[in-house]
Amino acid sequence: MNTKTKTAISPTRAENYPLWYQEVIKAAELAEVSPVRGCMVIKPWGWGIWENMQRVLDKMFKDTGHENAYFPLFIPKSFLEKEAEHVEGFAKECAVVTHHRLEQGPDGKLIPAGPLEEPLVVRPTSETIIGAMFAKWIQSYRDLPLKINQWANVVRWELRPRLFLRTAEFLWQEGHTAHATAEEAWEETRLMLDVYAQFVEEYLAIPVIKGEKSAGERFPGADATLTIEAMMQDRKALQAGTSHFLGQNFSRAQEIKFQDQTGHEAFAWTTSWGVSTRLVGALIMAHSDDDGLVLPPRIAPKQVVILPIYRNDAERTTVLEHCQRLQTSISALSFSGIPIQSQVDDRDLRGGEKKWYHVKRGVPVRVEIGPRDVAAGSVFAARRDTGQAVNISCAEFLAVLPQWLDSMQQGLFDRALAFRRQHTRDFHDLAEFKDFFTPRRQETEEPEIHGGFAIAHFADIPEVAELLKELKVTVRCLPLDAERTEGRCLFTGKQTDTRAVFAKAY
RNA sequence: CGGGGUGUAGCGCAGCCUGGCUAGCGCACCUGCUUUGGGAGCAGGGGGUCGUGGGUUCAAAUCCCUCCACCCCGACCA
């Protein structure tokens, strides 16, 4: 590392946000691009974050009455041909398996042989194959509701991949449910959106706007798509999770039928909902700074790292022993019901180097203990979020640690919320709206900076979509909790009581 | 998939325009000494199919063509 640079990450966010993002991932050892185009390798620290996400979400799903199951990676092409709108939505991104055998050619190279009778599509999502199974499992209203979740990988052949945000293969969970009534299915759709919002706000410390997607942004084949939208530090929006009310579209296509209490046959009402490893990208872009990753304590794989400082073997022994005692004490503690995980980093690295290693990885609290601390029974402790550092007694530190972690969690959320509010504006004038989304720094090589989130009255008709396209702005959502006030659509002048959030988006 | 850019040691880069000793530099790595509450100093050292394949030439990192990968912008995005 160059000691002359003031920040651990170069370029900084202000200098080049997209590059900064990639550098943070590299410096924090979250993931790498793989030899396979568009696919990433998730490294242990990044995987630890995803594991925590999985653990928390999985419990939330089970607490709301869902069960896990697993469905095949491969989907017969014919399955996808059953729902026209659905297929059209993602056909361009599908990977297709056409052969089942490799043979060695004369030049020693392997040649696909044994063509499949019916090509298999690598799942881009599993509505169709799960629907096919639901159709078998559901006979009577007594079989409903059926509430299944699966943790899986999916493939969408992306042309412009970015680590965590958009990769050809990614990991996610997809929930699929079937219900006897529209009301119940709608309730499920709403409930899971709330679960997502709660998770993202309480664990990832990212404030979200809950809303419904406009017709143009809706999931293909869905009657309604609900979303949670978050603002990143470059003021762009990121869709952090979606929950779809599929109506009877898929049950009609796949014959998910049941006999109701009156003996009549009816199509089930289905939902699907998912979040992906994209959340890791959201986490990075929401909180990290020019020194690297900043992790909210509740999702961090480790909350505390202890760095022993010593000059010789004798000191090493005493200092290490002291560190391990501290670790044992910490392991008995928890914050907000979460056990505090700590780690002693005893690698043979120079102090400064080791310190920056953990700063870049975003470990919430860094503790440094040297011989003087051992003698005094004290520790040097620093917070990753504010950089605030103190020298206090061991006992004091242990007493204050849970509060530190809680306040960091809250502090990160508050900071992100304040940032979003600062860059969210109401609009009643189209010229001002356009100005809001016009790049500010065109004269330089630096990436553009645009306004942020714009809120305005909106009539959901195709003409508006065309106009927005020119500005490279999208309708992020129609907020669910917005007050229904009458006004004129910013674009068409039509009278409407619908207001929408507009932004540039990932 | 369209436009632009970049591929040289683990990482970051110079060299290329104008072809010519054994291809350099910083960080990292190894050895030794010194240093030690902090991204250490000095000395020595290891590590390279110059992205791939072909072409031009006495001679290619350098010029020409092919392909691949990555980055940026756009289109697309459940």
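The same atom, P, is picked in B:C25 and in B:G47; the two are 14 Å apart, to the nearest Å. Spacing of P atoms, B:U8 relative to B:C30, comes out at 24 Å, to the nearest Å. The same atom, P, is picked in B:A40 and in B:G5; the two are 40 Å apart, to the nearest Å. Nucleotides B:C58 and B:G3 place their P atoms 36 Å apart, quoted to the nearest Å. Spacing between B:A60 and B:C21 at atom P, rounded to whole Å, works out to 11 Å. Here the separation of B:G20 from B:C27, taken at their C1' atoms, is 31 Å to the nearest Å. Rounded to whole Å, the C1' atom of B:G15 lies 9 Å from the corresponding atom of B:U62.
Under the Watson-Crick and G-U wobble criteria, each requiring two contacts below 3.5 Å, nucleotide B:G74 is paired to B:C1. Within the shown strands, nothing qualifies as a pairing partner of B:C17 under the Watson-Crick or G-U definition with both distances less than 3.5 Å. Both distances falling under 3.5 Å, in either a Watson-Crick or a G-U wobble arrangement, place B:C63 opposite B:G55. The partner of B:G37 is absent, by the rule that a Watson-Crick or G-U pair needs both atom distances under 3.5 Å. Of the nucleotides present, B:C30 is the one that pairs with B:G44 by Watson-Crick or G-U wobble criteria, both distances under 3.5 Å. With a cut-off of 3.5 Å on both pairing distances, the Watson-Crick or G-U wobble partner of B:G7 is B:C68.
Between the side chains of A:Arg123 and A:Thr125, no donor N or O sits under 3.5 Å from an acceptor N or O. Judged by distance alone, the side chains of A:Asp373 and A:Ser378 do bring a donor and an acceptor atom under 3.5 Å apart. At a cut-off of 3.5 Å, with distance as the only test, a side-chain donor of A:Glu188 or A:His66 sits close to an acceptor on the other residue.
The closest donor-acceptor contact from the side chain of A:Ser342 to the backbone of A:Val304 lies at 3.5 Å or more, if one exists at all. Counting only distance, with no hydrogens or angles, the side chain of A:Arg476 and the backbone of A:Lys504 share no donor-acceptor pair below 3.5 Å. Using modelled atom types, one side-chain atom of A:Arg278 and one backbone atom of A:Leu165 make a donor-acceptor pair closer than 3.5 Å.
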Could you write out each protein N or O paired with an N or O of nucleotides 33-36 of chain B at a distance under 3.5 Å?
none

Kindly give the atom pairs (protein nitrogen or oxygen, nucleotide nitrogen or oxygen) under 3.5 Å for nucleotides 76-78 of chain B.
from, atom 1, to, atom 2, distance (Å)
B:C76, OP1, A:Lys469, NZ, 2.6
B:C77, O4', A:Glu93, OE2, 3.2
B:C77, O2', A:Glu93, OE2, 3.4
B:C77, O2, A:Arg166, NE, 2.7
B:C77, O2, A:Arg166, NH2, 2.8
B:C77, N3, A:Arg166, NH2, 3.1
B:A78, N6, A:Phe90, O, 3.4
B:A78, N6, A:Glu93, OE1, 3.0
B:A78, N3, A:Arg156, NH2, 3.3

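Taking the charged nitrogens against the carboxylate oxygens, A:Lys26 and A:Glu23 do have a contact shorter than 4.0 Å, which makes a salt bridge.
Closest heavy-atom contact between A:Phe245 and A:Ala185: CE1-CB, 3.7 Å.
At the heavy-atom level, A:Lys26 lies under 4.0 Å from the strands shown only through sugar-phosphate atoms.
The distance between the ring centers of A:His176 and A:Phe71 does not fall below 6.0 angstrom.
The side chain of A:Gln22 contributes an N or O atom lying less than 4.0 Å from OP1 or OP2 of B:C72.
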Can you list, pair by pair, the side-chain donor-acceptor contacts under 3.5 Å of residues 29-45 of chain A, counting residues two or more places apart and other chains?
from, atom 1, to, atom 2, distance (Å)
A:Glu29, OE1, A:Tyr357, OH, 2.9
A:Glu29, OE1, A:Arg361, NH1, 2.6
A:Glu32, OE2, A:Lys43, NZ, 2.8
A:Ser34, OG, A:Val36, N, 3.0
A:Ser34, OG, A:Val36, O, 3.0
A:Ser34, OG, A:Cys39, O, 2.9
A:Arg37, NH2, A:Leu159, O, 3.2
A:Trp45, NE1, A:Arg361, O, 2.9

